[in-house]
Student: 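My structure is below; once you've seen it, I'll send some questions.
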There are 2 protein chains.
Amino acid sequence: MRILVIEDEPGIARFLKQGLEEEAYAVEVADNGLEGLARALEQAYDLLLVDWMLPGLSGLEVCRQLRAAQNHTPLLFLTAKDTVQDTIAGLQAGANDYIKKPFHFEELLERIRVQLRPAAGPPERFTVGPIALDVATHQVFRDDEEIALTQKEFALLEYLLRHKGNVCRRQSIIEQVWDIHFEYNTGVIDVYMNALRKKLRLSKDEDYLQTIRGIGYVARD
Amino acid sequence: MRILVIEDEPGIARFLKQGLEEEAYAVEVADNGLEGLARALEQAYDLLLVDWMLPGLSGLEVCRQLRAAQNHTPLLFLTAKDTVQDTIAGLQAGANDYIKKPFHFEELLERIRVQLRPAAGPPERFTVGPIALDVATHQVFRDDEEIALTQKEFALLEYLLRHKGNVCRRQSIIEQVWDIHFEYNTGVIDVYMNALRKKLRLSKDEDYLQTIRGIGYVARD
DNA sequence: GCATCCTATGCGCATTCTGGTCATTGAAGA
DNA sequence: TCTTCAATGACCAGAATGCGCATAGGATGC
């Protein structure tokens, strides 16, 4: 997660940079509004931390111009002025939040997390070895190369990955993936496992989808 | 825009309800945490305004349970306690913001607008490849050339673009675009997808609107 | 009257499944 | 330890299914 701090007071800037880096954010600092705006426009930051009072271009102006340029990076104001009017102006200009100085660093961290949370989202993604499956986008990758799977193949792989590490019995697979709840005597599962392994190019060495003879299958790293 | 206020003090509740209704929000009030939580879970509000101190179930607990139930309605705390620890707990529990009493009504309004803005969508312009859709002006472009779409075509394209990257299931499309909430067995979606592709001149190579057989469709770059 | 919206239909083809043969496994017996 | 053998899964075609595409035509509303 990349954060750009636009702050002119070196002491505060250093304090923010160090504190945020300890939290594993990648932090860059711009010490005036003009430079900050330029950097924010040309690079893709995940969040901007902008001082309200800046030499050259004010924080409010930075925010306005950024939004005018269709850039919607989350933006938090650091403001010493705690009059209501100012904060309102900031929010109207398209800021996502503001925090009043002096602030507790913990509170700042929390507000940052809140802003970053929706962007991070909860993407349902499962993996085994080089295989990755994304439920939302209905995509499957092997080493970042997309593999086209049919619906049943996808459903089977998803089931195995959802239960990664646990052996999936044939009976359970037939019930959950094929929705067959009575006796069955078909070899469908084998056929699809075969197709999966082939499409995912899994060999004997890369047995991420193992056969448990007499029982079923497992996905294992 | 529907707002649920969970607040036990009748005076404040009345004040909020009246003030927000003047701003054209549809406001409902619950006077305890349990009822509020139940209402929030069963109905689709656009925003929750929750008092920190509530009889029965605390505001914090309401928030926790709501998020635990995978409900991500924006939630603002109204808190008299202004200790940092409390607000942090609130944000960690999944609240989007909090406001300290006593507050200026104007500031509350702004914070509400900020929360509702992302839901309403700041960039009301969506794109895939050479296709651009502008919600505000109700226009669609292919390479800067305007394409005339009917209302349904537009609605379908808008839905797909709003969920760009994610697979849209036929069931969801029928519900969201056609407002049909029961079983359906029509081929309307196909017909409209066909029309869209034709009007937007999308070929097999330019499959920005892909079909996911057996599932639905995706807009993808 | 015209554009829009939806239903109905046939067709092509990817998907899915069946049935079969071949390879592998693991346990029992020599 | 090695061999044998039955059971099980791997793999391969080919058949059946049904989904989505395309187009035409009827209903509806402005």
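A note on names: the letters A, B, ... follow the listed sequences, proteins ahead of strands, and every chain is numbered from 1.
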Student: Whole angstrom is fine here: how far is it from CD in A:Q210 over to P in D:dA10?
Tutor: 12 Å
Student: Step through it carefully: locate the ring centre of A:W178, locate the ring centre of A:Y192, and say whether they are under 6.0 Å apart.
Tutor: yes
Student: Rounding to 10 degrees, work out the angle separating the end axes of the helix from C:dG1-D:dC30 to C:dA30-D:dT1 (five pairs an end).
Tutor: 40°
Student: Taking only side-chain nitrogens and oxygens of B:T186, does any of them come within less than 4.0 Å of OP1 or OP2 of C:dT7?
Tutor: yes
Student: Salt bridge or not for A:E145 and A:R142, using N-O below 4.0 Å?
Tutor: no
Student: Can you give one letter per nucleotide of nucleotides 15-30 of chain D, going 5' to 3': B for a protein heavy atom under 4.0 Å from the base, S for sugar-phosphate only, - for none?
Tutor: ---BBSSBB-------
Student: Over 60° means perpendicular and under 30° means parallel, so tell me whether B:F154 and B:H138 are parallel, tilted or perpendicular.
Tutor: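 Answer is parallel, since the angle falls under 30°.
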Student: Distance check: side-chain N/O of A:K152 vs OP1/OP2 of C:dT15, anything under 4.0 Å?
Tutor: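 For C:dT15, OP1/OP2 do not have a side-chain N/O of A:K152 under 4.0 Å.
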Student: Expressed as a whole number of angstroms, how long is the span from B:I174:CD1 to C:dC5:P?
Tutor: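 Taking CD1 of B:I174 and P of C:dC5, I get 14 Å after rounding.
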Student: Going by an N to O cut-off under 4.0 Å, is there a salt bridge joining B:R113 and B:E110?
Tutor: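 Answer for the salt bridge query: yes.
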Student: Would you mind checking if A:D134 and A:R125 are paired as a salt bridge, meaning a charged N to carboxylate O distance below 4.0 Å?
Tutor: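 Salt bridge flag = yes for A:D134 with A:R125.
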Student: I need the OH-C1' distance between B:Y192 and C:dT4, as an integer number of Å.
Tutor: 6 Å
Student: Of the options B:L66, B:L37, B:V5, B:L76, which is the one that meets B:L48 in a side-chain contact (heavy atoms from CB on, under 4.5 Å)?
Tutor: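 Exactly one pass, corresponding to B:L66.
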Student: Over how many whole Å does the gap from A:L196 atom CG to D:dC11 atom C1' extend?
Tutor: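 Going from A:L196 (CG) to D:dC11 (C1'), I get 14 Å.
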Student: Just the rounded figure in Å: distance from P of C:dT15 to CZ of A:F154.
Tutor: 14 Å
Student: Side-chain atoms of residues 214-221 of chain A: list all donor-acceptor pairs with protein atoms under 3.5 Å, sequence neighbours left out, distances to 0.1 Å.
Tutor:
from	atom 1	to	atom 2	distance (Å)
A:Y217	OH	A:D190	OD1	3.4
A:R220	NH1	A:Q210	OE1	3.0
A:D221	OD1	A:G129	N	2.8
A:D221	OD2	A:K164	NZ	3.1

Student: With a non-hydrogen cut-off below 4.0 angstrom, is A:Q151 in contact with a base, only sugar-phosphate, or nothing?
Tutor: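 Sugar-phosphate contact only - A:Q151 comes under 4.0 Å of backbone atoms but never of a base.
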Student: For residues B:L49 and B:L20, determine if any side-chain heavy atom of one lies less than 4.5 Å from a side-chain heavy atom of the other.
Tutor: yes
Student: Would you mind reading off the distance between A:L209 atom CG and D:dA10 atom P, rounded to a whole angstrom?
Tutor: 11 Å
Student: With a 4.0 Å cutoff (strictly under), does any side-chain N or O of B:W178 reach OP1 or OP2 of C:dC6?
Tutor: yes
Student: B:L157 has an atom CG; how far is it from atom C1' of C:dT4, in whole Å?
Tutor: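 So the CG-C1' distance, B:L157 to C:dT4, works out to 17 Å.
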Student: Check whether any side-chain N or O of A:T150 sits under 4.0 Å from OP1 or OP2 of C:dT16, and answer yes or no.
Tutor: yes
Student: Whether B:R197 and B:D207 form a salt bridge (side-chain N of Lys/Arg under 4.0 Å from carboxylate O of Asp/Glu) is what I want to check.
Tutor: no
